[in-house]
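Each chain gets a letter, A, B and so on, in the order its sequence line appears, and its residues count up from 1. Owing to the predicted nature of the structure, the values given are computational and were not obtained by experimental measurement.
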Amino acid sequence: MEHAETAGLRIVFSVWFGLLGLTVLEVILAYRQLPLQTMLTMLMFLSVIKAALIIAYFMHLRYEQASLFVTLIPALVFILIMMTAIFADSSRLAHMRSLVQ
Amino acid sequence: MASSVDSPISAATVHGDHDVTVWGGGASPYSIPSKKLGMWLFIVSDAITFSAVIFAYGYLRLAAADWPRPFVAASIGNATVMTFVLLSSSVAMVLAVRASGLGKVSGAVGWLVATALGGVVFDILHIHEWLGLIGEGVRPFHNPWGTPMFGAAFFTMTGLHMLHVTIGVVYLLVIAVGFGRRKFSATDVEVSGLYWHFVDLVWMFIFPLVYLLSAKTT
Amino acid sequence: MEEQVHQHTAPTGFIRKYIFSLDHKVIGKQYYFLAVFSVFVGMILSWLVRIHLVWPNVHIWGLGTFSPTGAPGGVISPEYYLSLLTLHGTLMVFFVLTTAPQAGFGNYALPIQIGAEDMAFPTLNMLSFWVTFLALCSLVATLFVSDGPPISGWTAYPPLSAVGSVSGPGEGMGQNLWAVSIALFCIGSLLGALNFITTTIDLRCKGMTLARMPLTCWAWLVTAILSLLSFAVLFAACVLLILDRNAGTSFFLPSGLLVNGQLQNHSGGSPLLWQHLFWFFGHPEVYIAIVPGFGLISHVLSVFSRKPVLGYKLIVACLLGIGFLSFTVWGHHMFVSGMSPYSGFLFSIPTLIITIPATIVTLLWLGTVFGGRLRFTTSMMFALGFISVFVTGGLGGMFLAQPSLDIFLHGTYFVVGHFHMVMGVAAIFGMFAGTYFWFPKMFGRMMNERLGKTHFWITFVGVYCIFMPMHFIGLEGMPRRYSSFVNEVMQPLMPVHKFMTIAALITGASQFLFFINVFWSMYKGPKAPENPWESTTLEWTVPSPPPFDNFGGKHPVVSHDAYEYGDVKNGKDYVMQTDPAGQPAGS
């Protein structure tokens with residue numbers, strides 16, 4: 001292998017502490033009285049950061065060839081973005097249910 | 001007719017009538033072994049499966065007026081501990097891959113077993129939590145607090161994840177034994193690591209979406 | 001570099017050679033014959049459906065014994081009619097169109113065309129086939145369970161498919177077996193997809209740049225990417241459906257549902273959610289069914305026009321564009337479902353846009369053929385026929401793409417005519433073209449050309465007779481999935497159904513010309529030379545059939561594009577990809 005299979009130990013442990021810290025942050029956030037949408041957005045944002053850290057440093061994608069990243073991640077992100085189209089119907093359903101009650 | 005090639009070489013440039021980069025053959029353009037690419041592709045697909053289930057949950061929760069938030073502090077605490085356990089097991093996995101790459105067989109096996117142990121602890125905490133909720137009356141079709149879909153979504157998402165963790169534990173132990181016997185290579189350890197990190201990654205989304213968004217904050 | 005290889009000695013023993021073989025060529029044939037079996041069963045089911053529409057009270061010999069509840073006395077009940085067409089659709093879409101073009105021909109030819117000994121993961125390949133086989137067993141088993149196959153169509157919409165046996169015959173065990181079958185099929189497809197992608201990227205031989213790959217390989221790659229991404233969603237949907245049916249969850253079931261007079265104990269779900277998840281998969285699925293055909297037709301047209309493919313890079317770009325866009329259009333199956341009408345508008349735009357790359361590809365095919373020195377082999381006839389039927393069927397899509405028209409056309413025979421022309425005819429023509437093309441390589445013998453051409457002409461005329469009229473009765477408002485039409489508006493259209501049924505029976509019968517040709521030629525056909533079609537790609541540089549490791553231990557070196565036809569050199573109007581003239585200096 002031209003490069004080491006893993007990142008250096010210091011980076012690994014830094015990422016670990018970062019992940020633990022972000023987890024604590026998420027838990028604290030959960031106990032603040034925030035509207036659902038805001039809470040959801042902030043939690044998702046933090047989760048994406050955590051996921052990115054795991055993918056980049058634990059799964060080593062940061063150290064692989066850029067072409068591998070380009071092959072895997074944009075396709076996945078595209079699928080996820082397309083799936084959000086279903087939420088238009090979800091909010092419509094919520095609205096229709098509120099009319100019936 | 002076909003002619004033979006002695007050894008695989010990476011892409012070479014041909015100088016002739018025109019500049020053509022000739023694919024050398026025998027090496028991945030991503031410079032990774034095929035097994036690793038295969039696992040990455042599997043992970044992309046499995047991520048989409050989990051996403052579809054999570055989107056289904058989001059779709060139904062957004063449309064529900066009566067989604068309960070029943071998780072008391074003890075539950076959230078338990079889930080947080082589970083998160084810590086899984087994150088730590090991921091670090092153990094990184095150390096296992098590192099050791100295997102350096103040729104340290106017993107070290108790699110040790111860290112692999114430690115990772116698997118983390119998974120087992122996660123499963124035990126999880127099952128314990130499930131039993132508690134079942135004891136309180138939560139079912140896939142009913143719960144005492146709100147829309148029956150709460151239990152359905154909860155058991156489906158966490159159940160699917162727990163299944164992946166359990167399969168991962170078995171997988172890691174198989175790799176540990178095989179690597180210890182020099183039957184598997186460092187690549188195999190690395191590939192199993194990718195799977196394990198993926199399982200951890202999914203939990204990074206399930207934890208806030210299932211637990212934190214249903215935390216009892218009042 | 002490690003691994004990348006496989007067996008160095010030929011497998012011995014019947015089981016290792018023919019049953020649990022790791023050889024991609026054997027696995028490709030296994031998939032192919034699985035598809036042949038499925039298309040045979042599916043075709044018989046279509047005959048039963050068509051016969052019932054026109055002669056509803058006829059006693060079909062043997063059917064009464066086979067299914068006393070579904071067809072008492074041999075007369076098909078309305079529910080059994082739905083069962084038959086559900087099984088027909090499921091078999092055809094999954095076990096014919098999603099197996100043979102990709103896993104059948106792709107498994108067989110991809111490794112050889114790129115100069116590899118085998119696929120990247122031979123064991124996984126074998127597992128993929130046997131998982132798919134198990135899926136087929138689960139599906140065919142529905143015919144033999146007490147209630148019969150499910151009645152919800154291949155699309156299995158809830159609530160009908162999710163509430164269990166209360167909603168009708170076949171909705172108990174039948175629907176469960178269906179869901180398990182499809183879930184298993186998803187797994188088989190997923191494993192196959194990652195095998196195809198890894199093989200295409202990693203195992204190309206020296207000189208085989210992506211730009212030198214035959215278009216078949218590009219098509220299989222795009223199809224594999226679509227499969228990897230879309231079957232994942234179907235798998236999730238099937239899991240949720242199985243849970244709704246068996247664990248009491250309500251992902252797809254709302255509250256207050258009254259089924260056959262019984263209030264269902266479900267609450268909180270939405271049938272629209274299933275439709276979104278299903279069609280998110282379902283639309284890429286139809287491109288999975290046709291894109292291998294695009295690749296093969298581009299390939300075959302070039303070989304038998306003795307001309308390079310016109311616009312190779314443009315075709316690749318269009319395939320990629322079609323693949324990308326296929327994930328943006330699924331809502332066009334849901335225009336009248338009750339989804340947000342704004343979504344309808346948003347889905348209609350990319351649906352119309354996707355016709356552009358498809359049209360470009362079609363024009364490039366015509367450009368490839370134009371001015372060529374055509375060789376009218378049976379394979380070429382089916383390739384040319386493909387262009388015709390694909391255009392005809394595709395044009396129907398332009399109507400359906402518009403929500404304003406779809407309000408009227410959805411659920412009518414117009415839709416049935418459209419998808420049968422593009423999937424049931426065009427994709428099948430691709431399979432025929434592929435069979436007649438690769439048969440010599442696969443079995444070492446030639447098929448009978450006269451029988452082949454007869455098969456082509458009867459089929460070509462026949463499919464137009466069967467499926468064109470469907471567009472017209474659809475425009476008249478005739479609904480689909482109805483077992484009989486009794487009112488005064490629909491009755492005058494019944495002679496059209498009679499015409500279509502007779503055409504279907506004749507065309508179906510003529511398929512036996514194909515089956516006979518295949519099975520007889522396998523054993524008694526004249527021996528095939530190494531390169532009967534004078535084609536340039538790598539599979540034609542090895543014996544017919546090839547040795548177990550394809551290239552006899554050698555590693556081919558490629559120095560030419562895949563479509564160098566036309567210029568006459570050394571008495572030949574083609575240049576093999578491995579021709580040494582044009583080799584890089586110093587190798």
Side-chain angles (χ1 to χ4, degrees), chain B residues 1-5 8-9 11-16 20-30 32-35 37-42 44-57 59-60 63-64 66-67 139-142 147-153 155-156 160 185 187, chain C residues 1-4 115 120-121 124 190-191 193-195 197-199 201-210 212 228-229 231-233 235-237 239-240 243 247-251 265-270 273 276-277 280 538 541-542 551 554-559 576 578 580 583-585 587:
Chain B
M1 280 318 293
S3 46
S4 55
V5 172
I9 45 180
T13 314
V14 171
H15 300 285
V20 161
T21 304
V22 175
W23 161 247
S28 164
Y30 299 121
I32 57 174
S34 291
K35 278 189 204 174
L37 178 61
M39 178 54 84
W40 268 114
L41 293 170
F42 171 78
V44 168
S45 194
D46 211 5
I48 294 177
T49 299
F50 269 107
S51 301
V53 175
I54 294 175
F55 270 90
Y57 157 65
Y59 183 101
L60 293 176
D66 53 345
W67 201 273
R139 303 283 184 279
F141 42 84
H142 172 75
T147 168
M149 277 314 296
F150 169 77
F155 285 123
T156 304
L160 198 61
S185 66
T187 301
Chain C
M1 254 301 103
E2 316 178 22
E3 348 90 70
Q4 247 81 313
F121 309 117
L124 208 63
L190 160 67
L191 297 178
L194 64 89
N195 218 340
I197 297 171
T198 309
T199 303
I201 291 178
D202 279 359
L203 297 194
R204 285 167 289 131
C205 67
K206 182 165 185 230
M208 181 62 80
T209 59
L210 289 173
R212 283 188 181 148
L228 188 84
L229 301 174
F231 273 102
V233 177
F235 184 74
V239 167
L240 298 182
L243 289 173
T249 57
S250 304
F251 286 100
N265 190 13
H266 285 278
S267 162
S270 165
L273 178 61
H276 275 298
L277 293 175
F280 192 92
L538 287 178
T541 67
V542 296
F551 295 95
K554 302 208 186 88
H555 299 279
V557 177
V558 164
S559 48
M576 302 299 292
T578 48
Q583 288 271 28
S587 71

Can you tell me how far apart [atom1] ([X]) and [atom2] ([Y]) are? Round to the nearest 0.5 Å.
{"X": "B:Lys35", "Y": "C:Leu124", "atom1": "NZ", "atom2": "CG", "answer": "11.5 Å"}
{"X": "B:Trp23", "Y": "C:Cys205", "atom1": "CH2", "atom2": "SG", "answer": "10.0 Å"}
{"X": "C:Asp202", "Y": "B:Tyr30", "atom1": "CG", "atom2": "OH", "answer": "8.5 Å"}
{"X": "C:Leu191", "Y": "B:Leu41", "atom1": "CG", "atom2": "CG", "answer": "11.5 Å"}
{"X": "C:Asn195", "Y": "B:Ser34", "atom1": "CG", "atom2": "OG", "answer": "9.5 Å"}

Leading residue by heavy atom contact count with chain B [cutoff under 4.5 Å; candidates C:Ala237, C:Ala193, C:Ser250]:
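Heavy-atom pairs under 4.5 Å are most numerous for C:Ser250.
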
Taking every non-hydrogen pair under 4.5 Å, which of C:Met208, C:Arg204, C:His276, C:His266 racks up the most with chain B?
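If we count pairs closer than 4.5 Å to chain B, C:Arg204 comes out on top.
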
Go through the atoms of [X] and report whether side chain, backbone, both or neither lie under 4.5 Å from a heavy atom of chain B.
{"X": "C:Leu229", "value": "both"}
{"X": "C:Leu277", "value": "side chain"}
{"X": "C:Leu190", "value": "side chain"}

What residue in B:Ser45, B:Ala52, B:Gly38 has the most heavy-atom pairs under 4.5 Å with chain C?
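When all of B:Ser45, B:Ala52, B:Gly38 are compared, B:Ser45 has the most.
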
Based on non-hydrogen pairs under 4.5 Å, which of B:Ser51, B:Ala64, B:Ala56 is most in contact with chain C?
B:Ala56

Can you confirm whether C:Asn265 is buried at CG, in the sense that more than 12 heavy atoms of other residues, nucleotides or ligands lie under 6.0 Å from that atom?
no

Is the shortest heavy-atom distance from the side chain of C:Phe251 to the side chain of B:Thr156 under 4.5 Å?
yes

Sub-4.5 Å side-chain heavy-atom contact between C:Leu273 and B:Leu60
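Heavy-atom side-chain distance check passes, below 4.5 Å.
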
Taking all atoms of both residues into account, what is the closest heavy-atom pair of C:Ser270 and B:Tyr59, and its distance?
OG-OH, 3.5 Å

Listed partners of B:Tyr57 passing ring pair (Phe, Tyr, Trp, His ring centres under 6.0 Å), at least two apart
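For B:Tyr57, the residues satisfying ring pair (Phe, Tyr, Trp, His ring centres under 6.0 Å) (neighbours in sequence not counted) are B:Trp67.
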
Please enumerate all residues that pass ring pair (Phe, Tyr, Trp, His ring centres under 6.0 Å) together with C:Phe231, with sequence neighbours excluded.
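By the ring pair (Phe, Tyr, Trp, His ring centres under 6.0 Å) rule, C:Phe231 matches C:Phe185, C:Phe281.
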
Could you tell me whether a side-chain N or O of C:Thr249 sits under 3.5 Å from a main-chain N or O of B:Pro140, the two making a donor and an acceptor?
no

Without swapping roles, check the side chain of B:Thr49 against the backbone of C:Ala236 for a donor-acceptor pair under 3.5 Å.
no

